[in-house]
Amino acid sequence: MCEESIVLLHQKGINNISFFSYYPGCKEKYEDISLAITPGETQFVPAGKEIIDIGNRVLDTNTLLEIISFTDCEYLLRTDRLINYFDEISENNTGIESLISKMELATQQFNILLRLSSEGIILVDKTNNITMCNQKACDFLGKSRIYLLYKPTINIFQSNIFEQAARDEIPKTSLFLSDSGIKFNLKVVPIVKHGVYLAGIGIISKANPEDEIITNNMNKILKKGHIARYNFDSIITKSKNVLKIKEGAKKMAKSNSAVLITGESGTGKELFAHSIHNFSARKDKPFVAINCAALADSLLESELFGYEEGAFTGAKKGGKTGLFEIANNGTLFLDEIEGMSKNLQFKLLRVIQEKEIIKVGGDKMIPIDVRIIAASNENLAELVDNKTFRQDLYYRLNTLPITLPPLRDRIDDLYLLIDDFKQEMDFDFIFTTASKHLLENYSWPGNIRELRNCIEYFGCLGETIIEPEMFPQNMNNILKINENTSLDVYKNKNILYEIANIMINFERKGKSCGRKIISDELKNKNIFLSEAKIRKILENMKKDGFVSSGVGRTGSILTPLGKKKFNL
């Protein structure tokens, strides 16, 4: 109190006097000072002092504004007495009146807009209680303003659409019936800052017959199963790389740009496509998926674009609605996009650019709003170089790229996924140490899909303990070789024979081959070994006299002993 009083006195311009703080318990007695100044606390002044009582301390601007905000009494800012008080307490508050005037002007303008709007407007706070509404909203809902104010929106609309908009941080739209039986559209726009929901705005408008038709058609489409079944919580991982990809995909979901997901077969491309749709503003709209490599060119075109009645022999009476139209306002997932012909690639490019389609056998342009998510287990950049995939379409699709790693590169997730599959299929078995070693050293060419099939296979065996000899035969054929390769491995016709075959084939062409060539050739056979492991294998084969290596990058070749050993 003493320090603040001294500061206030200095602010008032009284700076020709030296002030000293005195308060109960103060060690200094200041017996040589005869004059005491107090803000209405004369009982604390030592005896024998001349007292100047300046009265109770004044509430400054900041304190008043904090009190007004804390008590939700912002209406006080519009009163003349408060503005006059600010003028009296300090010359430093000259900006307060200007600030309040601007706020008052903005409030008046906002109120005018509310009154003039032909739509019903409802404002809610962070708990979705109604704080303001215009007369149009009252008329539409058939309720008085007093009835609506400070009521939870769920009580008024019998819907949690405001909670959904707040949770997903995206606008939501729904159709509702008023108490008088009139159908209205309700659009809810959340106000979010730094991930925190602050408030929301509800916009009410009368539903016209077209809106009802569109809503009914949408419900029919969704009932046919054109929905996304997975979300980002369905993607089980503790891999830092995959977690990073998930976070990036969530950000991409907020955009309407095309997404291209690449990765080996079985890595979860469709899972990511579903999740992106369900995390986007199109969440409540159709999610339509099609495999481009599974259909013939002409059939794929009619499926995508639809056709008019009589467009070709066997065409359905009345024609057919294409997947682009079905997915309108939603998402179209084009899996194995590399299987699409050059002709269809061109048509797809035009749809992405022009946002309109023409049915097969038709001449009418149909506008569409569809987000494209494409997926491929091929390297599309290489296909572009080989002239089998259009470069312009590639760059259109590759706006937001996602590359999913194979299971062998996220082996930390192996047992996490195994436990999830066991729980899903209600299996209860354990692996021996030797079996775990095989699981961890297998290359998993079919990735997560193969792992799931493998767990289902083990579950069907009905055993409680899984031994190595219980593994499917195809897994034993291409199990990864251990770093400490020894001659015992040569007894099995496995990876070493594959490597020897690659080497002899190159030798017949008059070439030697190094680790990278061997690694690439093995990948073509769904055998995945790092160059480091191949080097270790070659070193052991060299030690045993089966391989000879040149100097530098000249590669390796089989010795006569090696050819004899592998019957080549």
Side-chain angles (χ1 to χ4, degrees), residues 170-171 173 210-211 213-214 217-218 221 226 228 252-262 273 276-277 280-312 315-316 318-376 380-381 383-384 387-402:
I170 54 176
T173 304
E210 283 186 11
D211 291 329
I213 292 169
I214 290 170
N217 288 340
M218 185 68 67
I221 289 169
H226 294 299
M252 293 178 186
K254 302 296 182 183
S255 165
N256 281 318
S257 300
V259 178
L260 178 60
I261 309 173
T262 54
I276 289 170
H277 173 80
S280 73
R282 300 172 183 263
K283 175 182 177 181
D284 298 322
K285 301 298 187 293
F287 175 86
V288 180
I290 186 169
N291 189 308
C292 300
L295 301 174
D297 195 33
S298 58
L299 184 56
L300 180 59
E301 182 178 6
S302 64
E303 284 293 318
L304 288 173
F305 301 102
Y307 55 80
E308 298 287 359
E309 183 176 344
F312 50 83
K316 193 187 297 183
K320 181 178 180 180
T321 303
L323 296 182
F324 271 107
E325 281 188 88
I326 292 173
N328 197 27
N329 297 314
T331 302
L332 180 61
F333 175 48
L334 302 173
D335 198 8
E336 297 194 48
I337 188 76
E338 72 280 359
M340 188 177 282
S341 69
K342 277 288 194 73
N343 176 47
L344 275 183
Q345 288 177 31
F346 172 74
K347 291 186 177 182
L348 175 60
L349 177 66
R350 191 180 183 285
V351 171
I352 295 173
Q353 289 173 337
E354 305 299 330
K355 298 187 183 302
E356 56 188 17
I357 62 166
I358 302 177
K359 287 186 175 184
V360 176
D363 55 6
K364 179 185 174 184
M365 304 301 296
I366 303 172
I368 51 135
D369 174 19
V370 173
R371 185 187 194 173
I372 302 292
I373 300 179
S376 175
L380 290 187
L383 297 183
V384 169
K387 309 298 183 185
T388 58
F389 199 86
R390 291 183 65 99
Q391 185 181 51
D392 44 9
L393 177 59
Y394 170 69
Y395 287 120
R396 277 285 184 177
L397 295 174
N398 202 38
T399 306
L400 301 175
I402 295 175

Are side-chain heavy atoms of [X] and [Y] found at a separation under 4.5 Å?
X    : Y    : result
Y394 : L260 : yes
V370 : T331 : no
R371 : V259 : yes
N328 : D369 : yes
Y395 : V384 : no
I357 : L304 : no

Rounded distance (nearest 0.5 Å) linking atom [atom1] of [X] with atom [atom2] of [Y]:
X    : Y    : atom1 : atom2 : result
N256 : T399 : CG    : OG1   : 11.5 Å
K364 : I358 : NZ    : CD1   : 12.0 Å
L344 : S298 : CG    : OG    : 9.0 Å
I261 : M252 : CD1   : CE    : 9.0 Å
T262 : I337 : OG1   : CD1   : 13.0 Å
I366 : E356 : CD1   : CD    : 10.0 Å

### Query
Distance-only, no hydrogens or angles: does the Q345 side chain make a donor-acceptor pair with backbone N or O of M340 under 3.5 Å?
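Judged by distance alone, yes, a pair lies under 3.5 Å.
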### Message
Between H277 (side chain only) and V288 (backbone N and O only), is there a donor and an acceptor less than 3.5 Å apart?
### Response
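Not a single qualifying donor-acceptor pair exists.
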Ignoring hydrogens, what is the shortest heavy-atom contact between [X] and [Y]? Give both atom names and the distance.
X    : Y    : answer
L300 : C292 : CD2-O, 3.7 Å
N398 : P401 : OD1-CB, 3.2 Å
A327 : P286 : CA-CB, 4.2 Å

### Query
Do K359 and E325 sit within salt-bridge range, that is, some charged N less than 4.0 Å from a carboxylate O?
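Salt bridge between K359 and E325, a charged N being under 4.0 Å from a carboxylate O: yes.
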### Query
Under the criterion side-chain contact (heavy atoms from CB on, under 4.5 Å), which of R390, E338, Q391 is the partner of L380?
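So, applying the side-chain contact (heavy atoms from CB on, under 4.5 Å) to L380 and each of R390, E338, Q391, only E338 qualifies.
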### Message
Using a 6.0 Å cut-off, check whether atom NZ of K342 has over 12 heavy atoms from anything other than its own residue.
### Response
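Yes, NZ of K342 has more than 12 neighbouring heavy atoms, counting only those of other groups under 6.0 Å.
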### Message
Tell me whether the rings of F333 and F287 are parallel (<30°), tilted (30 to 60°) or perpendicular (>60°).
### Response
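F333 vs F287 ring planes: parallel.
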